[in-house]
**Q** 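One structure, pasted below without further comment.
Here is the naming used below: chain letters follow the sequence lines, and residue numbers restart at 1 for every chain.
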2 protein chains.
Amino acid sequence: MYEIFQKYLEEKTELTQAESERIQSFAIIKKLRKRQYLLQEGDVWKYDAFITKGCVRTYTVDEKGSEHVNSFSIENWWTGDRESLMMQQPSRFNIDAIEDTELVLFTHENFELLCKEIPAFNNMVNAILQRSFIAAQNRIQASLTLTAEEKYLNFISKYPGFASRIPQTMIASYLGMTPETLSRIRKQTAKK
Amino acid sequence: MYEIFQKYLEEKTELTQAESERIQSFAIIKKLRKRQYLLQEGDVWKYDAFITKGCVRTYTVDEKGSEHVNSFSIENWWTGDRESLMMQQPSRFNIDAIEDTELVLFTHENFELLCKEIPAFNNMVNAILQRSFIAAQNRIQASLTLTAEEKYLNFISKYPGFASRIPQTMIASYLGMTPETLSRIRKQTAKK
DNA sequence: GTAAAAACTTGATATAGATCAAGAGTGGGA
DNA sequence: TCCCACTCTTGATCTATATCAAGTTTTTAC
């Protein structure tokens with residue numbers, strides 16, 4: 001499974017053989033079965049995590065017990081709770097596997113060490129953060145300006161393939177609407 | 001005005017005299033009068049911009065002509081459109097001054113040069129980006145989970161002082177509700 | 001200082017989407 | 001293979017918030 005991460009690194013950055021090996025030496029492989037937690041509310045998140053296979057969701061649970069999906073992450077993406085990681089504080093989020101999933105983990109100390117030792121790696125990490133921030137901004141913009149139907153259409157055009165692997169209930173939650181509303185929207189748009 | 005940015009740098013990072021001077025040598029001071037644009041939709045954003053005084057808003061305008069406020073930035077914060085900057089593409093956003101405002105600008109080439117030359121500066125920039133990302137995540141979470149009233153209360157507790165300098169219409173837009181709704185909420189909560 | 005333009009408030013009404021409820025598929029585990 | 005649990009659909013009703021409209025207050029510009 002590590003090869004997938006290796007390939008990702010090769011695409012995103014230029015590393016010497018020695019640097020590659022240094023990175024690999026810190027990698028922890030982890031497998032999750034469907035429904036298994038990667039992070040549970042109240043725990044402190046301590047890793048940088050890359051998904052090589054599968055799909056994971058990040059969500060909160062409110063006082064009424066309803067779940068609110070914050071994000072989905074699939075293979076070739078990163079996951080985790082940056083706030084908990086940076087502030088060293090208990091997470092408000094849960095992360096669990098939607099499918100059987102495989103990850104490459106780095107403890108944050110090791111990850112920071114790699115960032116310090118390997119400038120190219122550091123640059124890659126910053127570029128990812130930039131893109132994550134831009135994506136978050138766009139999501140905020142969408143939530144402010146779009147109707148429920150537009151949000152759904154925007155979602156499937158931006159993330160084709162997600163709709164087929166992720167239960168509708170979770171997509172509805174991610175988009176900030178009820179499953180019933182999403183079901184009706186799908187019926188509507190199917191007609192057209 | 002540059003002293004304010006200088007002070008910010010001293011608080012956030014450790015720089016040698018030479019590094020400080022290098023940074024200052026690239027700084028462009030810019031003043032905006034109330035309502036003046038810093039960035040207009042369709043233009044490509046080319047700077048990294050720090051506010052030393054005043055307040056600025058970032059917003060889009062939809063087909064119907066209504067404005068949607070994406071963010072406010074005040075003194076000691078950064079502003080700009082990262083997506084336009086990174087992708088070198090025309091911006092969807094407008095940025096204009098809510099008050100008379102003063103900024104320190106760096107062209108992005110110079111800014112990147114500084115990041116390369118001065119590791120401490122680069123680290124500071126990355127730390128800011130981390131925090132921006134976390135803030136964006138929290139805003140998404142709030143928009144998914146909170147009612148209009150909760151969004152407002154969350155806003156004023158998170159950004160005390162903003163409510164008194166920013167017109168309510170703009171705050172309403174930022175929170176994703178109409179000015180009428182915000183007005184009623186304020187009346188409600190004033191009672192309690 | 002005054003007039004015009006914004007910004008804010010308040011009320012009446014409309015509506016997108018939520019909630020509640022019940023039935024229809026669907027899939028994974030014994 | 002069957003069944004239980006879960007997901008999805010559909011309908012009826014409800015509600016938070018939007019929209020429309022008019023008046024009031026505050027700010028801006030000359």
**Q** Output yes when B:Glu99 and B:Lys34 qualify as a salt bridge under the 4.0 Å nitrogen-oxygen rule, no when they do not.
**A** no
**Q** What residue among B:Asp96, B:Ile95, B:Asn70 forms side-chain contact (heavy atoms from CB on, under 4.5 Å) with B:Tyr59?
**A** B:Asp96
**Q** Would you list the pairs meeting salt bridge (Lys or Arg N to Asp or Glu O under 4.0 Å) in which at least one residue belongs to residues 68-81 of chain A, sequence neighbours left out?
**A**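 Output for this query lists A:Glu75-A:Arg165.
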**Q** Please work out which residues in residues 150-157 of chain A have a non-hydrogen atom less than 4.0 Å from an atom of DNA chain C and list them by number.
**A**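 Heavy-atom cutoff 4.0 Å gives no residues at all.
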**Q** Specify the separation, in whole Å, of atom CD1 of A:Ile166 and atom P of D:dT7.
**A**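 Rounding to the nearest Å, CD1 of A:Ile166 and P of D:dT7 are 14 Å apart.
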**Q** How many whole angstroms separate atom CD of A:Glu99 from atom C1' of C:dG27?
**A**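 Roughly 15 Å, once rounded to whole Å.
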**Q** Determine whether B:Leu38 and B:Lys30 satisfy the following criterion, side-chain contact (heavy atoms from CB on, under 4.5 Å), listing intermediate values before the conclusion.
**A** CA-CA 9 Å; B:Leu38 177 62; B:Lys30 176 154 183 132; 4.2 Å; yes
**Q** For a quick check, with a 4.0 angstrom heavy-atom cut-off, what is the B/S/- contact string for nucleotides 9-28 of chain D, read 5' to 3'?
**A** BBBB----SSBB-------S
**Q** Parallel under 30°, tilted from 30 to 60°, perpendicular over 60°: which one fits the rings of B:Phe155 and B:Phe162?
**A** perpendicular
**Q** Does C:dA6 have OP1 or OP2 under 4.0 Å away from a side-chain N or O of B:Thr169?
**A**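 So the side-chain polar atoms of B:Thr169 never come under 4.0 Å of the phosphate oxygens OP1 or OP2 of C:dA6.
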**Q** Between B:Ile98 and B:Arg35, is there a side-chain heavy-atom distance shorter than 4.5 Å?
**A**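 SC-SC contact between B:Arg35 and B:Ile98 ruled out.
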**Q** Quick check for you: to the nearest 0.5 Å, what is the distance between B:Asn122 atom CG and B:Ile118 atom CD1?
**A**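 Separation between the atoms: 10.0 Å.
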**Q** If only side-chain N and O atoms count, and only distance matters, is there a donor-acceptor pair under 3.5 Å linking A:Glu67 with A:Thr60?
**A**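 No donor-acceptor contact under 3.5 Å links the two side chains.
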